Amino acid sequence: MSDYDPQAIEAKWQKRWSDERAFEVSEDPDRPKYYCLVMFAYPSGHAHVGHVRNYMIGDVISRMKRMRGFNVLHPFGWDAFGLPAENAAIKNRTHPEAWTLDNIAHMKGQLERLGISYAWDREFATCESSYYKWNQWLFLKMFERDLAYRRRSTVNWCPSCTTVLANEQVIDGVCWRCSAAVQSRDLEQWFLRITRYADGLLDGMDRLGEWPAKVLTMQRNWVGRSEGARVRFAVPMHSGVSGEIEVFTTRIDTIFGATCVLLAPEHSLIDHLLTEGNPSEKLSQKIREFRALDRTDRMTGAVEKEGFATGLSCLNPFTGKLIPVWVANFVLAEYGTGAVMAVPAHDQRDFEFAKKYDLPIKVVVRPKAREGESIEEVPLDEAYTGPGSLVNSGEFTGLSTEDAANKLTQEAESRRVGQSTVQYRLKDWGISRQRYWGTPIPIIHCDACGLQPVPYEELPVELPKVVEFSGQGDSPLAQIEEFLNTTCPSCKGPARRETDTMDTFVDSSWYFYRYCDPSNDQQPFDPDTVGYWGPVDFYIGGVEHAILHLIYSRFFCRVFKDLGLVDHDEPFTRLLTQGMVLRNGAVMSKSKGNVVDPDQMIERYGADALRLYEMFVAPPEKEIEWTDSGLEGSFRFLTRVWRLVTGLCDLVVDLPEDALGRQFDDVHRALRRKTHESIKRVSADLDPRAHLNTAISALMELVNVVYGFCEKQDLVLHTSGEVRSSQLATIETRAVLREALEVLVLMLSPFAPHLCEELWERMGHTAGVGQQDWPTSDDSVAQADEIVIPVQVNGKLRGRLTVPADVSEEVLQEAALTEETVRAHTANKTILRVVVVKRKLVNIVVR
RNA sequence: GCGGAAGUGGCGGAAUUGGCAGACGCGCAGGCCUCAGGAGCCUGUGAGACUUAGUCUCAUGGGGGUUCAAGUCCCCCCUUCCGCACCA
């Protein structure tokens, strides 16, 4: 009866919460809202303690915020579309849906055993047609606004997943999911025009002060805005080819030093040269070689810089001189115009290239530091890329690089040979996936009418229940005649459905809005409802989504805003990226065999101990190494709490309400002080700092102090938790104990909710601990009457003084100078100075 | 290569603004209680020295500096992790 039995307690309270629908919420304009969200789960099969950590952080914050009077939305759901389900289906001859639903059922059970305070009635899975219907709806809205479009282009192809990937899903040249090397393919694909919002995504970051700086930096790099100019170089007829080459440059100020133009191997002029010109066999050969180079090796500089003269020349519009046109393997077709002007003297890559092929190097910028020098005579051993003033630049000579850039751009514009422009690294988001288990793209291909949107009233385009998954051939949907063949909504003639499905990141880009209004069948969500709950106040998830999911969601937020469905600018006000849980130094994974199963831990120590351990071991952002002994320690602490409270609860019930108004002696005052000090510390640690680990250590200190107090009061706690000499306890003792224990249980409850509900009930309360107000500290109680002041001599600690808290500086100084050890160090020395910092320390400077 | 973050006992980690370094926990050691302890409770636990109830010295990756005072601020270096990486 009196032993801490987490299994019994946890089952009891989980049932009660569920019966009472304790965490369901509705809009309440009279209370401040708080939307606390953890990234929803991919139903891979089993949750491990790494996932659990993410959910725990959200639960602690949610429970704490509820006690602080907020109307807290804390939902959960499933990112249920995706390849693993399809692969499992192929392997096990089952259906992706069956596999997915089984996994959801299992994982939901695991989460329920952790006692997380989710509003379960808002749960949904993205594979439900009631959800993905709105993906399709949104796609059509985007199609109407030219935000969704179809285009043939070179795309990332994962040979292992047999599908296309977005740029964001290629990490260091390999597939983000399966790590297979990504290949290039030329395909017709659907894209979402995220680039339209490039500047908005950048500007919005100014408002994301509560995001980790690291994530913002990553997003900024990803968008990769750079200002510069496009300049056209005319190509006079040569071997049957002429035209012009447009280059992108951020250094138009160096254009007088451009001694060569470099083309990407895929540049259209090269195509012309190959088809209409008569290139030498050697040149054709080189171009083929360059084009065959591994895409990512080329992008990352892993291949040596190489080039070959095309035989063509072009006219530098500013010098009026003809310069050679080369094809170079390091020029990227995807970026800018696929052509660059090479300025060897002021760009390190061009410098190396020029050295290698003996191209002229013409200095056009003189560094500030070398004003007046005749720099042309000094041989360069590297490019000078810094600012300075122009030389050898015609009428622009003498201008600063900054002024020159402006003037040259104006000049280029007025002469119609170029214009200023902004270039981004960000590319439109390719969302076509040649797979089955995803949202069908609601488009119909008609030979007569072209691309036709599926009419809104025909949504959703349901995913057909396919039986066979071979893993062979192209899109599985293309093999299903009943799905494929349809009629054109416009001409009613025979037509074919689009057979690609959407990237699952579409699903996750707006699910947080759907939670606000999960069963709306008229629109994705009601704008007023999202107006109440949104944006998400606190978002918790892994840093691996720093650019993927988080940038897509910010994009969708802007689209929804343009559609008039949301009124905020950013979807997630505060972001916390939690650290991973490692075992033996590695991320937990089935293949490594180092997965820690939460169910086993719950069975041995209970969910509360598991929760507490994962929150205590390190700050939430840090990765942690799993240790069983740490979990045992947390269990031991909870047992200590259990014994303390159950052992004393007879003493603390049935006390007069005004018991705390009495006069207390030093020992009692000390406990009260600790209690109120703890309220301050724990409150500040949780909100706003989210330092959950130090909040727990403050609670542990409080428990230690209460144990010490009991010992002083001769209240001997048995192992079994019974108090031996309860009859000796005075009203005063009981009053301060009650205060301490109530505060303890209240503040521990976000971490160990089951235990605390049970203890709270045993302390004689009828309403649940989660419905209580968060305790407030009384500064007059927290204030110590006496404080300990360290005394230093020449910065070294030499003694401590116990003085009244309100001691004057003069008295403090006097006391410090007469302290015994201090005097030993000041004897026979000259006191130069005494630094007195009020309530902090005294430092005596002697010589 | 460029940028960022970090480096504190045997271990995980504490230390708002520069103000007692090592909170809290793990581990370890001793004691109490026990038939027993791998339960519980109490105590100790950075290193070293000495004239060992105490006192002193050293100590926050290394080296300099600023300051009455530095884990915290500045400069240089080392290591680790993360991000970017031919973006013209």
Side-chain angles (χ1 to χ4, degrees), chain A residues 3 172 212-215 217-218 220-222 224-226 228 247-251 254 262 297-305 328-332 334-343 346-350 352-353 385 423-426 543 546-547 612-613 616-619 621-625 627-634 636-637 639-640 643 681 684 689 691 693-704 707-708 711 716-721 788-800 821 824-825 832-837 839-846:
Chain A
D3 281 344
D172 294 331
K214 182 174 127 178
V215 174
T217 306
M218 287 168 73
R220 235 173 238 122
N221 289 340
W222 188 257
R225 183 181 203 272
S226 58
V247 304
F248 172 72
T249 178
T250 54
R251 291 298 305 275
T254 64
L262 306 177
D297 282 356
R298 260 180 74 190
M299 301 265 288
T300 57
V303 283
E304 205 192 328
K305 286 183 190 47
N329 63 352
F330 65 93
V331 177
L332 305 172
E334 299 86 3
Y335 187 75
T337 59
V340 299
M341 62 179 204
V343 184
H346 305 292
D347 182 287
Q348 188 58 27
R349 293 157 302 184
D350 299 344
E352 286 162 23
F353 193 76
T385 58
Q423 192 65 45
Y424 300 92
R425 273 185 43 192
L426 181 72
V543 74
I547 34 192
L612 190 77
Y613 164 67
F616 175 62
V617 66
E621 297 83 355
K622 261 196 92 146
E623 62 182 29
I624 58 175
E625 172 71 29
T627 59
D628 287 347
S629 57
L631 176 56
E632 272 171 49
S634 293
R636 204 173 300 152
F637 170 70
T639 308
R640 248 164 98 73
R643 269 200 318 273
R681 276 178 59 187
R689 301 207 302 168
H691 288 192
N693 56 328
T694 51
I696 295 169
S697 64
L699 291 167
M700 287 173 166
E701 278 186 53
L702 177 59
V703 169
N704 291 344
Y707 265 90
E711 207 180 9
V716 183
L717 290 162
H718 256 317
T719 313
S720 59
V788 177
I789 301 287
V791 183
Q792 300 176 334
V793 179
N794 285 350
K796 292 200 165 113
L797 181 70
R798 296 302 180 192
R800 290 191 173 88
T821 327
H825 287 88
L832 299 177
R833 191 176 159 189
V834 181
V835 182
V836 181
V837 184
R839 301 181 60 88
K840 280 274 161 74
L841 96 164
V842 179
N843 188 12
I844 301 162
V845 188
V846 299

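The chains referred to below are lettered A, B, ... by the order of the sequence lines, with proteins before strands, and numbering in each begins at 1. This one's a predicted model, so the numbers in the text were calculated from it and none came from an experiment.
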**5′-ward residue of the pair Glu711(A)/Gly633(A) relative to RNA chain B** = Gly633(A)

**Request:** Select base, sugar-phosphate, or nothing to describe what Val303(A) touches, counting heavy atoms under 4.0 Å on all strands.
**Result:** base

**Fill in**
The residue, Ala698(A) or Val788(A), whose nearest nucleotide of RNA chain B is more 5′ is Val788(A)

**Message:** A85(B), OP1 or OP2 - any side-chain N/O from Asn221(A) closer than 4.0 Å?
**Reply:** no

**Request:** Identify the two heavy atoms, one from Ile547(A) and one from Met218(A), that lie closest to each other, and give their separation to 0.1 Å.
**Result:** CG2-O, 3.7 Å

I'd like a list of close polar pairs between nucleotides 65-68 of chain B and the protein, N/O only, cut-off under 3.5 Å.
unit_1, atom_1, unit_2, atom_2, d
C68(B), OP1, Arg833(A), NH1, 3.4
C68(B), O2', Asn843(A), ND2, 3.0
C68(B), O2, Asn843(A), ND2, 2.7

**Message:** Please give the distance between the C1' atoms of G25(B) and G62(B) as a whole number of Å.
**Reply:** 30 Å

**Request:** May I ask you to evaluate whether Lys840(A) reaches the phosphate of C20(B), defined as a side-chain N or O under 4.0 Å from OP1 or OP2?
**Result:** no

**Side-chain N or O of Arg798(A) closer than 4.0 Å to phosphate OP1/OP2 of U57(B)** = yes

**Request:** With heavy atoms under 4.0 Å as the rule, sort Thr250(A) into base, sugar-phosphate or nothing.
**Result:** sugar-phosphate

**Message:** Once you apply a heavy-atom cut-off of 4.0 Å, does Arg689(A) come out as touching a base, just sugar-phosphate, or nothing?
**Reply:** base

**Prompt:** Say you pick atom P in A36(B) and the same atom in G31(B); how far apart are they, in whole Å?
**Reply:** 14 Å

**Message:** Whether the Arg833(A) and Asn843(A) side chains hold a donor-acceptor pair (N or O, under 3.5 Å, no angle test) is what I'd like checked.
**Reply:** no

**Asked** Under 4.0 Å between a side-chain N/O of Arg640(A) and OP1 or OP2 of A39(B), yes or no?
**Response** no

**Message:** For Phe330(A), does the six-membered ring have the charged nitrogen or CZ of Lys305(A) within the cation-pi criterion, i.e. under 6.0 angstrom from the centroid and within 45° of the normal?
**Reply:** yes

**Message:** If the cut-off is 4.0 Å, is Arg681(A) near the phosphate of A23(B), judged by side-chain N/O to OP1 or OP2?
**Reply:** no

**Item:** Nearest-Å distance once atom P is located in both G18(B) and U55(B)
**Value:** 31 Å

**Request:** Taking atom P in both G30(B) and G83(B), compute the distance separating them and give it to the nearest angstrom.
**Result:** 47 Å

**C1' gap between G9(B) and C24(B), integer Å** = 14 Å

**Request:** Rounded to whole angstrom, note down the P distance from G64(B) over to C81(B).
**Result:** 28 Å

**Fill in**
Residues Phe616(A) and Ser697(A): closest non-hydrogen pair is CE1-CB, 4.0 Å

**Request:** Indicate, with a heavy-atom threshold strictly under 4.0 Å, whether Val247(A) touches base, sugar-phosphate, or nothing.
**Result:** nothing

**Message:** I want to verify a distance call: between A88(B), C41(B), C20(B), whose nearest atom is closest to the Arg643(A) side chain?
**Reply:** C41(B)

**Asked** Where the side chain of Met700(A) is defined as all heavy atoms beyond and including C-beta, which of C82(B), C41(B), C24(B) is the nearest nucleotide?
**Response** C24(B)

**Spacing of the C1' atoms in U67(B) and A14(B) (rounded, Å)** = 25 Å

**Complete:** Applying the Watson-Crick and G-U criteria (both distances under 3.5 angstrom) with [ ] for crossing and | for other-strand pairs, one obtains for RNA chain B (((((((..(((......[....)))((((((.......))))))(((((...)))))..(((((..]....))))))))))))....

**Request:** Considering just the side-chain nitrogens and oxygens of Ser226(A), establish if one lies under 4.0 Å of OP1 or OP2 belonging to A88(B).
**Result:** yes

**Fill in**
Winner on side-chain proximity to Thr821(A), out of A88(B), U55(B), A14(B), is U55(B)

**Item:** Exam field: side chain Asp347(A) to backbone Ala342(A), donor-acceptor pair closer than 3.5 Å
**Value:** no

**Message:** So if I take every side-chain heavy atom of Pro790(A) and compare against C24(B), C41(B), C20(B), which nucleotide ends up nearest?
**Reply:** C20(B)

**Atom pair distance, as rounded to whole Å: NZ in Lys305(A) and C1' in A85(B)** = 11 Å

**Request:** Would you tell me if any nitrogen or oxygen in the side chain of Arg220(A) comes within less than 4.0 Å of OP1 or OP2 on C84(B)?
**Result:** no

**Prompt:** When we call it a touch if two heavy atoms are under 4.0 Å apart, what does His346(A) touch: a base, just sugar-phosphate, or nothing?
**Reply:** nothing

**Message:** Using OP1 and OP2 only, check whether a side-chain N or O of His691(A) sits under 4.0 Å from G13(B).
**Reply:** no

**Message:** Suppose you measure atom P in G10(B) against the same atom in A23(B); what distance do you get, rounded to whole Å?
**Reply:** 14 Å

**Message:** Does G19(B) have OP1 or OP2 under 4.0 Å away from a side-chain N or O of Arg839(A)?
**Reply:** no

**Fill in**
Of A88(B), C58(B), C26(B), the nucleotide closest to the side chain of Arg636(A) is C26(B)

**Asked** Syn versus anti for G40(B), judged by chi lying within 90° of 0?
**Response** anti

**Prompt:** Which one, A15(B), G13(B), G27(B), comes nearest to the side chain of Ser629(A)?
**Reply:** G27(B)

**Request:** Using a 4.0 Å heavy-atom cut-off across all strands, classify Asp350(A) as base, sugar-phosphate, or nothing.
**Result:** nothing

